[in-house]
Amino acid sequence: MKPILLALPGTGALASGLAQHLSCEVGSLEIHRFPDGESCPRLPPGLARRDVVLLASLDHPDRKLVGLYLTACVARELGARSIGLVAPYLPYMRQDAVFVPGQGITARHVAAMLSGCVDWLVTVDPHLHRFRSLSDLYPIPSLVVPAAPEIARWIRAKVAHPLLVGPDQESEQWVAQVASEVGCGYTILDKVRSGDQQVTVSVPGTLALDGCTPVLIDDIASTGRTMRAAVLKLKAAGSLAPVCIAVHALFCGDAFAELGTAGADCVVSCNSVEHVSNLIDLSAPLAAAVRRMLP
């Protein structure tokens with residue numbers, strides 16, 4: 001029997017692409033919200049002994065995690081043989097240490113919640129910093145889909161003479177991989193963050209632009225402050241208008257518009273989170289990962 005794909009709210013476009021690459025049935029899922037805000041998922045009939053694949057875009061996670069958790073639990077209650085989660089953007093990864101007395105490592109608690117309701121996990125480039133791998137957090141089988149090959153494919157097709165730029169040391173792991181795939185050079189800027197909204201970056205004094213188009217790459221664009229500061233510094237150094245690429249396009253508030261105002265040539269993202277900037281499609285590699293995970 002074919003697996004059944006259930007798309008949670010906010011994943012319609014990616015679900016269509018994923019279904020094209022998977023031999024699966026696409027089922028209807030409704031998450032009703034009562035007036036007091038409680039969630040009640042309604043799943044399609046006939047889930048007994050079926051393999052269920054849940055697709056969830058987990059930006060704004062506090063609004064979505066309860067609905068996801070209950071959907072997985074109800075699928076289990078209805079007799080699903082296995083339940084997998086495709087969460088292209090995996091939230092709650094930044095709090096991977098105790099930074100201030102009284103805090104906790106919330107990454108562990110969210111991992112425990114999700115691991116308790118699904119059997120396996122597929123995601124895209126999780127924000128791993130102090131944890132070496134996803135398995136340090138998630139005890140269930142998991143696969144990480146790298147966005148680098150598809151980003152590199154887009155750059156090769158769309159950008160002449162690219163010079164890849166990472167806005168900080170944490171970004172080097174993605175930038176170096178993409179540069180290798182593209183076959184071009186890269187550089188890393190220095191960043192100092194003094195708060196959620198306060199960021200300064202500096203451009204290496206030895207940076208040689210030589211008519212290249214700077215391509216800024218970061219895993220998560222949230223406030224956009226890091227990318228915006230990098231765009232302004234590169235423009236001040238005499239560069240062509242930079243291209244900005246984000247794996248996960250969160251773009252809180254007016255962050256997306258501010259990048260254009262700062263002088264970015266264009267802003268592009270992968271479709272791990274639905275956004276107007278989605279030009280890099282990850283449905284094929286995500287589907288390949290799902291096929292590997294299905295029983």
Side-chain angles (χ1 to χ4, degrees), residues 59 89 124-125 146-194 196-282:
D59 55 310
Y89 170 65
V124 175
D125 289 338
E150 298 306 319
I151 292 175
R153 191 190 315 275
W154 187 90
I155 292 172
R156 287 196 301 267
K158 301 294 184 180
V159 183
H161 310 298
L163 173 67
L164 306 194
V165 180
D168 54 36
Q169 291 299 321
E170 288 183 27
S171 69
E172 186 166 8
Q173 56 184 314
W174 294 281
V175 175
Q177 187 179 356
V178 176
S180 176
E181 298 260 357
V182 175
C184 67
Y186 75 91
T187 189
I188 303 297
L189 307 184
D190 293 319
K191 178 177 82 170
V192 176
R193 181 181 291 277
S194 53
D196 289 344
Q197 302 279 348
Q198 291 77 44
V199 175
T200 59
V201 299
S202 59
V203 176
T206 57
L207 180 62
L209 296 168
D210 297 330
C212 293
T213 298
V215 181
L216 278 159
I217 301 178
D218 208 352
D219 63 330
I220 299 174
S222 181
T223 65
R225 291 294 188 266
T226 299
M227 273 194 172
R228 183 178 185 278
V231 168
L232 291 171
K233 283 290 184 181
L234 288 167
K235 292 283 288 181
S239 79
L240 298 174
V243 172
C244 295
I245 300 178
V247 178
H248 306 296
L250 303 185
F251 289 123
C252 305
D254 57 357
F256 180 66
E258 284 193 354
L259 281 175
T261 303
D265 177 66
C266 64
V267 182
V268 175
S269 67
C270 301
N271 59 347
S272 57
V273 175
E274 284 195 0
H275 191 265
V276 67
S277 62
N278 290 164
L279 292 178
I280 301 173
D281 183 18
L282 299 177

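Keep in mind that this is a model prediction, so the values were computed, not measured.
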Q: Can you sort out the partners of Phe251 under ring pair (Phe, Tyr, Trp, His ring centres under 6.0 Å), two or more places apart, ordered by chain and number?
A: Phe256, His275
Nearest heavy-atom pair of [X] and [Y]: which atoms, and what distance?
| X | Y | result |
| --- | --- | --- |
| Leu164 | Ile217 | CD1-CD1, 3.9 Å |
| Cys212 | Leu240 | O-CD1, 3.7 Å |
| Ala241 | Gly263 | CB-O, 3.5 Å |
| Pro167 | Thr226 | CB-CG2, 3.3 Å |
| Ala264 | Val231 | N-CG1, 3.8 Å |
| Gly224 | Leu259 | O-CD2, 4.2 Å |

Does [X] reach the side chain of [Y], with side-chain heavy atoms less than 4.5 Å apart?
| X | Y | value |
| --- | --- | --- |
| Asp281 | Glu150 | no |
| Asp125 | Ile220 | no |
| Pro146 | Gln177 | yes |
| Trp154 | Ile245 | yes |
| Val215 | Ile155 | yes |
| Met227 | Asp218 | yes |
| Pro242 | Lys235 | yes |
| Asp168 | Leu189 | no |

Q: Sequence neighbours left out, what passes salt bridge (charged side-chain N to carboxylate O under 4.0 Å, His left out) with Arg156? Give chain and number order.
A: none
Q | For Glu181, salt bridge (charged side-chain N to carboxylate O under 4.0 Å, His left out) partners two or more places apart | A | none
Can you check whether [Y]'s main-chain N or O pairs, donor with acceptor, with [X]'s side chain at less than 3.5 Å?
| X | Y | value |
| --- | --- | --- |
| His248 | Val124 | yes |
| Ser269 | Ala246 | no |
| Asp219 | Trp174 | no |
| Ser272 | Val247 | yes |

Q: Report the C-alpha separation of Val175 and Val165 in whole Å, then their side-chain angles, then the decisive distance to 0.1 Å, and conclude whether the side chain to side chain contact (heavy atoms under 4.5 Å, CB included) test is met.
A: CA-CA 7 Å; Val175 175; Val165 180; over 6 Å; no
Q) Which one of Val178, Val182, Val243 satisfies the side chain to side chain contact (heavy atoms under 4.5 Å, CB included) criterion with Pro162? A) Val182
(Q) To the nearest 0.5 Å, what is the distance between NZ on Lys158 and CG on Leu279? (A) 8.0 Å
Q. Atom OG in Ser222, atom CG in Leu250: separation rounded to 0.5 Å?
A. 5.0 Å
Q) Between the side chains of His161 and Thr213, does any donor sit under 3.5 Å from an acceptor? A) no
Q | Full working for side chain to side chain contact (heavy atoms under 4.5 Å, CB included) between Ser277 and Val268 | A | CA-CA 5 Å; Ser277 62; Val268 175; 5.7 Å; no
